[in-house]
Each structure stands twice: as structure tokens, then as C-alpha cells.
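Protein chains get the first letters and strands the later ones, always in sequence-line order, with residue 1 at the start of each. In this text the structure is predicted, and so the values were computed from the model without any measurement. Below, each value reflects all heavy atoms present in this structure, side chains not excepted, and no hydrogens, waters or symmetry copies.
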Protein chains: 2
Amino acid sequence: MSSPQPSARYLQVKHYVLDQVAAGTLRAGERVPSENDLVRELRVSRMTANRALKELAADGVLVRVAGVGTFVAEPRVHAHPLEVRNIADEIRSRGHEYRVRVGALASLLASRELAERFELKTGAPLDYSLLTHFEGGLPLQVEERYVNPQVAPGYLRCDFTQTTPHEFLIKVAPLQRAEHTVRALLPERRIRRLLKLEADEACLLIMRRTFSRGRVASVADLYHPGSRYELAANIQPR
Amino acid sequence: MSSPQPSARYLQVKHYVLDQVAAGTLRAGERVPSENDLVRELRVSRMTANRALKELAADGVLVRVAGVGTFVAEPRVHAHPLEVRNIADEIRSRGHEYRVRVGALASLLASRELAERFELKTGAPLDYSLLTHFEGGLPLQVEERYVNPQVAPGYLRCDFTQTTPHEFLIKVAPLQRAEHTVRALLPERRIRRLLKLEADEACLLIMRRTFSRGRVASVADLYHPGSRYELAANIQPR
DNA sequence: GCCTCGTACCTGTATAGACAAGTAACGGCC
DNA sequence: GGCCGTTACTTGTCTATACAGGTACGAGGC
């Protein structure tokens, strides 16, 4: 973990295979030496060869089929993950001052559209919050959130100047799953004013649903000024 | 892999730990039973306990420190990956017809801005392509791409009706790294017309840089209609 | 009080050996 | 020809054992 053991022979095995893939000796779809081949060729135990191949398979470099063999994976540079981070962490990690303004707190009854997103019946009670997150004086995110009080009770009693809604939720309701969607749009006037946007400025919307105990715990719409916010990621395939 | 062996005792170990985390018996930061504890409690070999804990650590549920112990990770629901996929695959996987129109192919000299993105000198030669990708008749992506011919030669001779630029590049130049940025904006008129957008329709822009042999191989701006395109991801923490 | 050393414990890694289960190919039987 | 079982090979998993290197902590010396 922190300090790799001197030998690390499974790394030798990984490199042995990776080098052949990189050099083109082994091409996509072709069969990789079996664990027993590697035992003979590199004088390692089978468990070590197994670990090396298993890790390469987990990384997506190889594909293993029980009873058949191990193969070079088709190059899938297709799926590139982008990270959606906690806004307070993100601002602070840039060394800027973070501030939040509570715009509204309320409990309300689900409209048809909200009920659909929550997979509940229309009219079900929901908690509601509207927060604006500031980076050094400028609004960077408007967070409009709805919470199912049946799943995460006590939401409205939370002090949002101390705890972000997201932090509160993962404390109260064990998070099972999250669902994200990213869109670009011209925001309605209400959002535009909260984000201090020009009339012709686009807005990056991240819609997040979190699930707890099989039910939708919360639905959040995160609006960001298109001119000041972007999602970024660096990916190293392999 | 495809069919788990009947026993799968390392799964018992994983569940043994996960259940305690889910139940709150083990909280964030607390120490989980050591490998030797699990050997005694569950009557498995240490290698099996090791595998279980190692996998949970790889999933981000636990944190392991050599010589100290294994601990429940702080709930980091902060980093949520979103996937950027190959547009042709994406359209076909939805069962729709994919079509591409080549708008322009050219070689040109780098402007100051382009040179910056390529980390080259102004005036360096670049290959250029402008493609529009259609999903069943409607434009879904305008792909404006610049390629460094020094890194990936022969780009302009590629038949883009058969191969996407991305596919060509990973064939010609081994991909080392990719860098993505997502923005929302109101597009200039040229892009708006290619995407058949209304004047007040926002646009989701994915900027991608790919690196090969330590140099920028290609820079791509992928424009999508805000009304018809979104990025999505489902994440299961644990 | 402070430093040092020894000890106990923890994880990281490697090995050899074993059985289970899936797959493919070959050969024999009908 | 078509079907079926044997056989060889593959990965998946488990066990027992071993050594290395890191950390924490207490005992003892200064």
C-alpha cells in the first residue's frame, strides 16, 4: 500500500503482458499466455500470475473467460469518467472562500413531475431546500433539493451553514446508489437571478438522485453558471 | 468470472464486514477486524480474508494501512464518475440509425489559441476535420477536431464514414491519457446551424484532449444540443 | 523527562498444492 | 451424419505457510 515490498513479482508479470500489448505483439482479441504458461516462463507461482492477470482484467486491459483463456480486451477508450464533486470541497480545495446562502426551506406536497422523479404518488410530502453556494463572493451553484422525509427524516432541522445537504443525507440514510444526468440549458429567470447570469448565458445542470433502502432519498438539481463552471477529468487508460 | 464457484467464501467475508458497516456497528474511521481476526471468526485462511479486505479497499469502502490496520473509509460520495462515450456506439446502442456528414477536411497552421492547447508553437501544421453525427436524421454532435500530424499521421486520408476519428486515432497513436472538460454555453451561429438549434438553445460542450507519447495527439470540441443530449451515469458506491 | 530498543501486531507479498467448474476438441458409437 | 462421453486445458477458488517491512507501544536506560 504505502510502501511496496521489494520484490513485487506480480508487477513483473503485469509488465511482461502489458509490454507485449503495447508493442503490438499481442493484439486486441488475441489470447494471452495462460496462468500456467506464465508460471513456466517467468518462474512465479500460479497465484502470482493469477493476481497479475486478474488485476489487468479489472483494469479493462484483458478479458478472462473461465475455462477458455485470457484475451486482450478491445480498446475501449470509449468510456471516460468525469467526476462530479461536492461543491464545498471543490471550492475549498481551490483555496477560495466558501459560503452558502439559504434561500428557502419548506415542506410541500409532490407535484406530478416530482412524484415521478421520486417514484411516489402525487401529493406525497417532501422536504424542500434552495441553497446558493458561493465561491469568494460569486454564486457558483444553485442547489434545489427535494428530500423524502420517510427515508431521511429531520432534513429541515439541519443547519446548512455547517453541513451540506449531501453530507447530512449520507449521515442519516445509508446511500445505496446515485444517478446523475448532466444537461446544458438556458435557465429560467429565477435561477438566472440567483446565479447572477446574463440573459444569454447558458447553465450547466447536474441532476442527481440518491437512493437509500431501495427508495429515492433525494432529488437535487444543481445549476452552475456556464461561464464560470466546468466539469473536468484526467484519465489514464491502463 | 462468469459463474462463481459454489463456495465463494471471500464473499462471506465481504458481507460480514459490509453488513456491520451498513448496520452502523462499524462507523467511518473505525477499525475493522484484522485479517487474523477474520481467520479466527470465520474460519477462513488469511489469504481469503486478505482478498476480501483488499477488494473492499479497492472499492473505497475500507482504507488499509500497512502495519496499522484496516479502517472504514470516510463516506466519499463526493466523486461520482460520469461517462463520456463514443457517439456512434451510443447512438447504435439505443437502436437508432447512425449517420455522419463530413463538413470539412483541411490542413492548417495553428493559431495562438490552438498552439496553446496543443502545447506547440504558433504556426505548427495541424490536420482539421469537422463532422456532424446524426441520430436518425437529427444532428446530435458536431465534432470539431484538430490532430497533430507529427503524432498521428495520415488523419486526413481516413474514411470517416467507416471509422470515427477517435477509432482512427487509437489505432494510429497509442493513447496514453485523455483529458475532458464539460461546459454549457450558447453556441456561435456556425455550430447552432449545424446542430439545427433555436437561437436560445444551450449547448453541451465536451472538450477532449488525447495524449500520445507525451504529446498532445488531438484536440476535439464536441458540441451537443442541450435539448436532446445529456450525460448520464448510475453509480453504486460499494 | 526524553530517547532508544525490543516486541507484538498488522498488512503486503510469494509459494506450493489442491479441488471445482466451464469449455473445446477429439473419438467412438449409433 | 449426428450424438455423446472422455480428456485435456483453462480459470476460479481455497488452504497453509512463510518472510518482509511498517507501526505502535511499553520497558528500560540516560
For A:Lys14, is there an ion pair with A:Glu55 - N to carboxylate O distance below 4.0 angstrom? yes

Whole angstrom is fine here: how far is it from CZ in A:Arg40 over to C1' in D:dC9? 11 Å

So, does A:Thr48 get its side chain near the phosphate of C:dT15, meaning an N or O under 4.0 Å from OP1 or OP2? yes

May I ask you to verify if any side-chain N or O of A:Ser45 is less than 4.0 angstrom from the OP1 or OP2 atom of C:dA16? no

Base of D:dG12, side chain of A:Arg46 - is there a donor-acceptor contact under 3.5 Å? yes

Heavy-atom nearest nucleotide on DNA chain C for B:Asn50 versus B:Asp37: which residue maps closer to 5'? B:Asp37

Return the nearest nucleotide to the side chain of B:Tyr10; candidates are C:dC10, C:dT15, D:dT13. D:dT13

State which of C:dC10, D:dA16, D:dT13 makes the closest approach to the side chain of B:Met47. D:dA16

What I want to find out is whether B:Arg94 reaches B:Glu135 closely enough, with some N-O distance under 4.0 Å, to be called a salt bridge. yes

Ion pair B:Arg117/B:Asp221, N-O distance below 4.0 Å: yes

Given the options B:Arg40, B:Arg46, B:Arg51, B:Glu35 meets salt bridge (Lys or Arg N to Asp or Glu O under 4.0 Å) only with B:Arg46

Quick note, A:Glu35 side chain, CB onward, closest among C:dG12, D:dT11, C:dC10 is D:dT11

From the set D:dT13, C:dT11, D:dG12, return the single nucleotide nearest to any side-chain atom of B:Arg51. D:dT13

Lys/Arg N to Asp/Glu carboxylate O, B:Glu119 vs B:Arg209, below 4.0 Å: yes

Mind calculating the distance between CG (B:Leu38) and C1' (C:dT11) to the nearest angstrom? 13 Å

Which comes earlier along DNA chain D counting from the 5' end, the contact point of A:Arg31 or that of B:Val44, where each point is its nearest nucleotide? A:Arg31

In whole angstrom, what separates A:Leu53's CG from D:dT13's P? 14 Å

Looking at C:dG12, D:dT10, D:dG12, which one has an atom nearest to any side-chain atom of A:Asn36? D:dT10

Go through C:dT13, D:dG12, C:dT15 for me and flag the one nearest to the A:Arg64 side chain. D:dG12

I need the CD-C1' distance between B:Glu55 and C:dG12, as an integer number of Å. 16 Å

From CG of B:Leu11 across to C1' of D:dG12 the rounded distance in Å is 12 Å

Of the candidate nucleotides D:dT13, C:dT11, D:dA24, which contains the atom at the shortest distance from the side chain of B:Val68? D:dA24

